[in-house]
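Just so it is clear, the values below take in all heavy atoms, side chains as well, and ignore hydrogens, waters and symmetry mates. Quick caveat: nothing in here was measured; it's all calculated off a predicted structure.
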Amino acid sequence: MMLQEYTLTFPIWVEFGTGSTENLGNLVASQHWEKPLIVTDRGIIDAGLLEDVTASLTAAGIDYATYDGVEPNPTTGMVNEATAAIEAEDCDAVVAVGGGSSIDVGKGASLLATNPGSVADYEVTSAADVSEAPIENRPLPLATVPTTAGTGSEVDYWAVITDEDREFKMALGQSPQYPGGPYLGAELSVVDPALTESLPPRQTAATGFDAFSHALENHVSAACPPIVKPMTEHVLGLVPEALPRAYEDGTLDARERMLFGSHVAGFCENFAGFGAIHSLAETTGGMYPSIPHGEAIAAYTPDVMRYNIEAVPERYAEVAAAMGVDITECSTQEAALASVDAVERLIDRVDLPSSLRELGVAESDLPEIATKSLDTIEIHDNPRPADADDLLEIATDAY
C-alpha cells in the first residue's frame with residue numbers, strides 16, 4: 001500500500017495541564033513581549049476566569065491592556081476594534097483568552113496589526129487560496145488560553161470571522177508555507193482544564209460536540225493524511241464517554257478529558273479537511289448569528305453522514321468502531337450506518353437540537369444556505385462531491 005504524501009509543521013509551544021495558567025506570565029516573559037493585548041469577552045471577566053491570567057502576567061512583570069468586546073460568532077467589526085486597541089495601547093503581542101470566538105478575533109487582530117488591508121482580503125475559499133500564502137508578514141505574536149473544550153482554535157491555523165455585509169462566515173487560514181514562514185496561529189498555548197470548570201451544561205454540550213465533529217469530519221475527509229487517523233479515532237472514542245459526564249456532572253476529570261479531546265482534534269484540523277457539516281453549519285451561523293455553532297453542527301451531522309456513507313462506507317465503519325460500537329458481525333455498510341445511530345444517541349444524551357426547526361431556522365432560507373455553502377472552503381474536502389441541490393436535500397432532511 002502506498003501512503004498518501006503529507007507535510008507536517010507545528011511551530012507552537014503548548015503547555016497542557018490543570019493549573020498551567022500560572023506559567024503564562026513566565027512564557028510571555030521568555031518571548032520578551034512587553035505589553036500584550038488580552039482579547040476576551042465580558043462573560044470570561046464576569047466568571048472570574050481572567051483573574052488567573054492577569055495575575056500570572058503581573059507576577060512576571062508583564063504590563064497588558066484588555067479588549068473585551070468579543071461576542072459569539074465574531075465579526076469583522078470586532079477584529080477591527082481589537083486591532084485599533086493594539087495600536088492605541090502600543091501592544092506588541094496578543095493573548096487571546098476564551099472560546100473559539102475570542103481566539104479567532106485575537107488571530108484576526110494579530111494578522112491586521114502587521115499586514116495591510118481588511119479581514120476580507122485574507123479570506124480563503126480553497127486549498128489553492130491557502131497555497132498562495134495571502135499572509136505575507138508574520139502576524140503579531142499570539143498566545144492562546146482556551147476556556148471551552150470545543151474548537152481547538154488554540155492550536156490550529158484557522159479563524160472564522162463573519163462578514164456582516166454578506167452575512168457570511170469567512171475562513172482565514174494559513175499554515176507556514178516554508179520553515180519559519182508566517183502563519184495564522186499561536187506561538188504559545190496554555191491549555192488549562194481548570195478554566196473550563198464553570199462552563200454551563202448547554203455550552204459544555206455544544207462545544208464538546210463541535211470537538212467531536214472536528215474529529216469526525218477530519219477522519220472521513222477527502223484530504224485526511226494517514227498521520228491524522230490514529231488521533232481522530234482517539235477523539236471519536238473519548239468524547240462519547242467523557243462528554244455526557246462533563247455535561248451531567250461537570251467533574252474535573254471529565255472536563256480534562258474533553259479539553260484533551262478538543263485539543264487533539266485541533267491538531268488534526270491543521271492537516272485534514274472538513275466537509276459539508278461545517279460548511280452548512282457555518283453558513284447557517286452567518287445568517288443566524290444567535291445560533292451557537294456547536295448546536296448548528298449537531299443539527300446537520302446525522303444527515304451529512306447519511307449522504308457521505310455512499311462514498312466512504314469503510315471510513316464510517318471505522319467511526320462506529322472508534323465510538324465503541326460492536327461491528328464484528330456487521331457488513332461495512334451496516335457498520336457505517338451504525339455510526340449514524342451512535343452519533344444520534346450522543347446528540348440525544350446531551351440534549352442538543354436534532355433539527356434546524358428547533359434552532360429557529362426558516363425553511364424558506366434553506367436554498368440560500370445551500371447555495372452559500374458552496375462558497376466555503378470546507379465543502380471542497382467533503383468525501384462525496386455535493387452541489388447546491390445535494391446540500392439543499394441534506395438541509396431539508398435536517399429540518
Report task. Determine, for R345 against D341, whether the closest basic-nitrogen to carboxylate-oxygen distance falls under 4.0 angstrom. Result -> no
Query raised in the report: So, R202 and D351, do they make that salt bridge, N to O below 4.0 Å?
Result: no
Requested in this report: Identify whether the distance between the nearest side-chain nitrogen and carboxylate oxygen of D46 and R42 falls below 4.0 Å.
Outcome: yes
Query raised in the report: Is any NZ, NE, NH1 or NH2 atom of the basic residue among E248 and R349 found under 4.0 Å from an Asp or Glu carboxylate oxygen of the other?
Result: yes
**Report entry** Residue pair S189 / E154, side-chain donor-acceptor N/O under 3.5 Å
**Finding:** no
Requested in this report: Flag yes if more than 12 heavy atoms outside F260 fall under 6.0 Å of its CZ atom; otherwise flag no.
Outcome: no
Report task. Report yes if the distance between the aromatic ring centroids of H278 and H293 is under 6.0 Å, otherwise no. Result -> yes
Report task. Return the minimal non-hydrogen interatomic distance between F274 and E269, and the atom names on each side. Result -> CZ-CG, 3.4 Å
Query raised in the report: Is T40 reaching over with its side chain to a backbone N or O of V97, donor-acceptor style, under 3.5 angstrom?
Result: yes
Report task. Please step through salt bridge (Lys or Arg N to Asp or Glu O under 4.0 Å) for the pair D163 and K169, ending with a clear verdict. Result -> CA-CA 6 Å; D163 182 330; K169 285 189 172 185; over 6 Å; no
**Report entry** Pair E368 + R166: basic N to acidic O under 4.0 Å
**Finding:** no
**Report entry** Salt bridge present between R384 and E310 (N-O < 4.0 angstrom)
**Finding:** yes
Requested in this report: Would you check if there is a donor-acceptor pair between the side chains of S213 and T301 at a distance under 3.5 Å?
Outcome: no
